[in-house]
Amino acid sequence: MEREQLRERLASAASMPKDVTLKAAVVTALGNFEVCIGNYRGIMEYTENLVRVQTKGGQIRLTGSGLQVKYYTGDEMKITGRIEMIRFADGREET
């Protein structure tokens, strides 16, 4: 925990983006039909109603209908469909 706080203070002092220094996930939503996630580690679960993505800080759960992973690279992925909820879990919660 102290290590993360130190990194955050260094990022602020150096005016560097937190996604770069902390390797934090970057989530960009376009309406309720498209989400891009950057800095992710892997896809944990993928159905038309749920996409679960592992990040350094925990998991991101997208729920909805007709969900599709349109593309994924080592850095970013795009999920489309009717997105009803985006939930962030810190990894200590049950999935």
Side-chain angles (χ1 to χ4, degrees):
M1 187 69 154
E2 289 179 25
R3 183 182 233 178
E4 291 298 318
Q5 290 174 343
L6 177 60
R7 285 184 183 167
E8 194 165 334
R9 283 191 227 138
L10 288 172
S12 293
S15 298
M16 292 180 67
K18 290 183 181 181
D19 61 312
V20 172
T21 55
L22 301 176
K23 296 185 181 172
V26 177
V27 180
T28 306
L30 182 58
N32 68 336
F33 55 88
E34 182 177 293
V35 172
C36 291
I37 302 175
N39 290 341
Y40 71 96
R41 288 190 171 173
I43 299 170
M44 305 303 293
E45 187 173 351
Y46 174 26
T47 70
E48 67 178 42
N49 299 311
L50 171 68
V51 178
R52 218 166 29 107
V53 178
Q54 185 66 45
T55 69
K56 181 181 180 202
Q59 290 185 4
I60 300 171
R61 296 170 58 101
L62 287 90
T63 57
S65 58
L67 301 180
Q68 295 182 346
V69 176
K70 282 296 186 182
Y71 71 84
Y72 63 96
T73 66
D75 299 322
E76 181 182 60
M77 73 170 58
K78 180 190 282 187
I79 302 163
T80 61
R82 184 169 172 264
I83 299 161
E84 296 171 3
M85 183 173 62
I86 302 171
R87 180 174 175 220
F88 299 87
D90 66 6
R92 290 178 286 178
E93 301 176 12
E94 278 194 32
T95 54

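Among residues at least two apart or in separate chains, side-chain hydrogen bond (donor to acceptor under 3.5 Å, both in side chains) pairs with a member in residues 40-50 are Glu45-Arg52.
No single ILVMFWY cluster, assembled from side-chain heavy atoms under 4.5 Å apart, contains both Leu50 and Met44. Under the 4.5 Å side-chain heavy-atom criterion for ILVMFWY residues, no single connected hydrophobic cluster contains both Tyr71 and Ile37. The cluster map of Ile, Leu, Val, Met, Phe, Trp and Tyr, joined by side-chain heavy atoms under 4.5 Å apart, puts Phe33 and Val69 in different clusters.
Every residue two or more places apart in sequence or in another chain that forms a side-chain contact (heavy atoms from CB on, under 4.5 Å) with Lys70 is listed here: Gln68, Lys78, Thr80.
Remark: Asn32 CG to Arg82 CZ distance equals 7.0 Å, nearest 0.5 Å. Rounding to the nearest 0.5 Å places CE of Met85 at 4.0 Å from OG1 of Thr63. The CD1 atom of Ile60 sits 7.5 Å away from atom CG of Leu62, with the distance rounded to the nearest 0.5 Å.
Listed for the Asn39 side chain is no donor-acceptor partner under 3.5 Å among the backbone atoms of Val26.
Exactly one residue among Leu67, Ile86, Ile83 makes a side chain to side chain contact (heavy atoms under 4.5 Å, CB included) with Val51. That residue is Leu67.
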